[in-house]
Each structure stands twice: as structure tokens, then as C-alpha cells.
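One structure is given here, and the rest of the page talks about it.
Order of the sequence lines sets the chain letters (A, B, ...), proteins ahead of strands, with each chain counted from 1.
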2 protein chains.
Amino acid sequence: MSARLLIVEDEEALILLIRYNLEAEGYQVEAVERGDEAELRLAEETYDLVLLDWMLPGTSGIELCRRIRARRETASLPVIMLTARGEEAERVRGLATGADDYIVKPFSVPEFVARVKALLRRSRPEVAASVLIAGDLELDRDSHRVRRAGRDVHLGPLEFRLLEFLMQAPGRVHTREQLLNAVWGRDVYIDERTVDVHVGRLRKALNPGRLSDPIRTVRGAGYAFSETFGTG
Amino acid sequence: MSARLLIVEDEEALILLIRYNLEAEGYQVEAVERGDEAELRLAEETYDLVLLDWMLPGTSGIELCRRIRARRETASLPVIMLTARGEEAERVRGLATGADDYIVKPFSVPEFVARVKALLRRSRPEVAASVLIAGDLELDRDSHRVRRAGRDVHLGPLEFRLLEFLMQAPGRVHTREQLLNAVWGRDVYIDERTVDVHVGRLRKALNPGRLSDPIRTVRGAGYAFSETFGTG
DNA sequence: CAGTTCAATGACAGTTGTGCGACAGTCCGG
DNA sequence: CCGGACTGTCGCACAACTGTCATTGAACTG
């Protein structure tokens, strides 16, 4: 969840298709249409994966890929090449340039999503990992289970997503607004205090007995998953 | 990420759009509608970046930019010019005048935000950095934590912002009025002495035992973060 | 050195933010 | 159609935070 992807593609319809399907997977998707624009973005922001069209206005895909590999900061950034069928012969060259995978257009959407996921899981395990662990707390995305000190903890769907989101960025403080956007959804109209209530419920479920609280309240700012949880 | 930005723009709708998006990024945004007003603000306060409309009532954008460059205090202040499409040809003149970047209206919001971010990161790394470090003192914006000599220090929201602001410009002296504007907010009517009290509280929290004081009082002027802190 | 100005400190009251319990509306499965 | 699980909102209590004031102390001035 919440990996950031950059699409470099000049065909708008394709951007829409890709964006729609990847956002449905919970990824954060940004798109640019030109190679040189992409270079700017990559210099300014950090992404977890890049989808690169072979043929591009501006800097060509293959050239861009080479430059991505050349810059130290992006040398290990996963790149997936998109090639038209006729260019398939070039795939060897593409992989030689340093792409981690290539997908031939037109592609089947589920296959496409699977390839992206697989590559993310390989390169950024903490983003795609199915199990998040901190101290004696364990969250399994696949089975939708949470365990604390070996015992199963029952959470509602909302509390589950809330904990998942918090655990993804241990230590980082999120405002109530950010939490509403990330956990509830982008265009919901909900009182910010509601977040408090759910954090409270999450805590109650998570800390039976006298177990320590993994969630930190930052007065005036928001909530965070305690980065030192389980280490001290 | 608590950079202070000044927008100089006469189109109110545009101000709203910009303000909304930049505040969502965590920036502190102030806006004025006239060039001469902007000059006043710039003389009284310190900003990290200025967004300047090309066409303005009062002092024109290009003229204002020139004056910003002429004053020593603002000579290196990053400036982004906003130009309408028709004026694109003028961009050379704009850049020659000393703008660091220009954006053509209408612009895409994500691109706009990216440009602002990029320029800030380039020009004021300490403003964009998520962790500020000086000697044995450490302020982490993401996790909202402050450490002194390895130990966590608890600060109230105000004290946190105050320290953050001071650390952003080590050595620079800020008057109480400037501190009130920057840390408390622009339209608050609060006794200037209150700043003293909070600096006092901050010091107490920051200097347990016999640790040296990172905050310097400048009699008759204000306060500064000690520029030599940790280096001597 | 005495007088004046400005800053530090401790106390106090007022304000704000958070935790918590209660309750009502909604959704879904049986 | 009913019951249980889940969710959003309220109101209250309490603790944390903040602004002001009075007093003390330090630094500058002539």
C-alpha cells in the first residue's frame, strides 16, 4: 500500500487506464507525458517504481532509463518498460539498459497489476510486504489478522486500515486530516474528532492488560506509530 | 516543512487555489495583492520563497523582482514568476531580471507544487530537510521529536514551532514581533513579553543539568539560535 | 555609582486539546 | 425482518498548554 509510482507515457488513454487500476490497488500514481519532465520529477521527488514508455517525446524511454541508472540516487529504482508489440525484438536491448521488467502493449490489466506488485514486493518489501511487524505486534495484510503478544486481536475494518497506515510509517506523525484522507477516503466529510474516537478504540483493542501503547499522541499535531515500539 | 511563502497576486481565486495546495504541503502561506504591500512585508518579515505575478497593480512584478534583488537582505531570496501564456515570450526577460523559475498560467497543480518544492529544496535545504541538527540537539519534523544529547525532550506545540523556526536560520536574530508573526500567526494580538516567557520555557526544557544554552538573547533586539552551538 | 531599561522567572487563571463513555444511525447476514 | 457489528457524533472531565502579571535580577547609561 501507498507506494508512489511514476508513469511516463504520452498516450493519455493509457495513463487513465493505468492510473485507475493502480490507484484501486492503493498506490499513489503520478503521470508525466515527456521524458524530460520525468527527469525533473525524479530529481525532485522519490518514487518506488517507474513505468516507462519505450517511445517518448522529449527524452526517449531507453535514454531516460539509462540516465536513471546513471544517477546514484535512482540507480536501484525499479523500472518497468512498456513496449509496443512491434518493438518486442528490442526487449533485449531494454533489459540490457537496466529495466527490471518489460510489458508488451496491449496488455491484460490483471497481469499488468501483478507484475507491478511483484516488482514492488521484490524491491521495497516494507511497502508491499504482507506482514508488518513491530515488537510483539503483528499485522498480516493477506489474512487481515492482527496479533499482539501472540494473541489474536479483533479489529473492525476501519481500525485495521488505520493501524496498517500508521505502521507503514513508524514514527511519522499524521494529522487528523491526513488520516481521514488516507484511511477514510479522499472526499469524505467527517468530523476530525472522529479520528480520536477510532484511535481510542484501536488502543483499547490493542492494549489488553497492561501492555504498552504503540500509538503516540502528539498534542496539536496528530498521531504516530511509536517508532521505538518494541525496541525499548 | 514549515517554509514561509509570500504570494503576490491580484487574482483572488488564484490565491485561494495556491494557498490551499501549499498549505496542504505544510507550508505557511501569506498573500498580498499589491506590489508595494509586498515590499513592506518583505522589509518586515523573513520569507523562504516569493511567488510573484508578472502583472500587478502597484509595483509591477518585474519591477518588484528587481528591487528584491537589489536589497541585500533579499538578494538571494528565491522568486518564482507567474506569467500568463501570452507573456511567455517575456520569460527570458523575467529570468534575466533574477527570477529563479517561472510558471505559465494556467498551470497544473501538481507540477506547480513540485516546482515550489524543488526550488525550496535547492535554495533553503534547511527548510525542506526533515531533520534539523545542531551539535547534540536534534529536531525531527516528521516524527515531531526533539532530542538533546540523545534523550527525548518533551515540548509543547508552541515551543516546538519556536525552536523549529529559530533553528531554521542559525545565528539570525529575530525580533519579538517577527517571532510572533512567524510562530504564533500573523493576525494575533499578543503581548511581546509573552515571547520571553516561551523562550524561557523552551530553554528550561532544552537544558537539563548543566548543558549549554543554544538560544542567544540579544538585548534590545530579540533572540537567535546560537550559530556556534555545537561547534565550539 | 545610582538610575533606568530590559530580560528572566515563578505563579496563576483562562483556554484548548484529548480521552472516554454513551447513544443513535447504518449496514449486513441470518 | 431482526440482531449484532460497526461507525459517526456529542458532551463531559481532565490534563496540558498558553498568556499575563508582578517580582527579581542583570545589563547598560551617564
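In the region residues 209-220 of chain A, proximity to DNA chain C at under 4.0 angstrom, judged on heavy atoms, holds for A/Thr217, A/Val218, A/Arg219, A/Gly220. DNA chain D is contacted by B/Ile190, B/Asp191, B/Thr194, B/Val197, B/His198, B/Arg201 of residues 185-207 of chain B, taking any non-hydrogen atom closer than 4.0 Å.
Between B/Val29 and B/Glu23, the closest heavy-atom pair is CG2-CG, 3.8 Å. The nearest pair of heavy atoms linking B/Glu164 to B/Ser2 is OE2-CB, 3.3 Å.
Protein atom CG of B/Leu158 is 13 Å distant from nucleotide atom C1' of D/dA16, rounded to whole Å. Counting to the nearest Å, the C1' atom of D/dC6 and the CZ atom of A/Arg161 are 12 Å from each other. Note: CZ (A/Phe160) to C1' (D/dC6) measures 16 Å, nearest angstrom.
Within the 3.5 Å criterion, the main-chain N or O of A/Gly222 finds no donor-acceptor partner in the side chain of A/Thr175. At distances below 3.5 Å, at least one donor-acceptor pair connects side-chain atoms of B/Arg141 with backbone N or O atoms of B/Ala129.
Counted by atom type alone, A/Arg41 and A/Thr46 present zero donor-acceptor pairs between their side chains at under 3.5 Å. In this model, no donor atom of one side chain and acceptor atom of the other lie less than 3.5 Å apart for B/Arg66 and B/Thr59.
By the 4.5 Å heavy-atom criterion applied to side chains, B/Leu206 and B/Leu163 are counted as neighbours. Here the side chains of B/Phe225 and B/Leu137 are in contact, with some heavy-atom distance below 4.5 Å. With a 4.5 Å cut-off on side-chain heavy atoms, A/Glu33 and A/Glu9 do not count as touching.
Axis deviation across the helix from C/dC1-D/dG30 to C/dG30-D/dC1 amounts to 30°, comparing end segments of five pairs, rounded to 10 degrees.
Here B/Tyr223 does not reach the OP1 or OP2 of C/dC6: none of its side-chain N or O atoms lies under 4.0 Å away. Under 4.0 angstrom from either OP1 or OP2 of D/dT18 there lies no side-chain N or O belonging to B/Trp184.
A side chain to side chain contact (heavy atoms under 4.5 Å, CB included) with B/His198 is found for one member of B/Thr194, B/Asp196, B/Val195 and no other, namely B/Thr194.
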Can you give me the N/O atom pairs linking the protein to nucleotides 26-30 of chain C at distances under 3.5 Å, or say none if there are none?
none

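By the 6.0 Å contact criterion, CD on B/Glu126 is enclosed, its count of non-hydrogen atoms from other residues, nucleotides or ligands being greater than 12.
With sequence neighbours excluded, no residue forms a ring pair (Phe, Tyr, Trp, His ring centres under 6.0 Å) with B/Tyr223. Here B/Arg216 pairs with B/Glu227 under the salt bridge (charged side-chain N to carboxylate O under 4.0 Å, His left out) rule; sequence neighbours left out.
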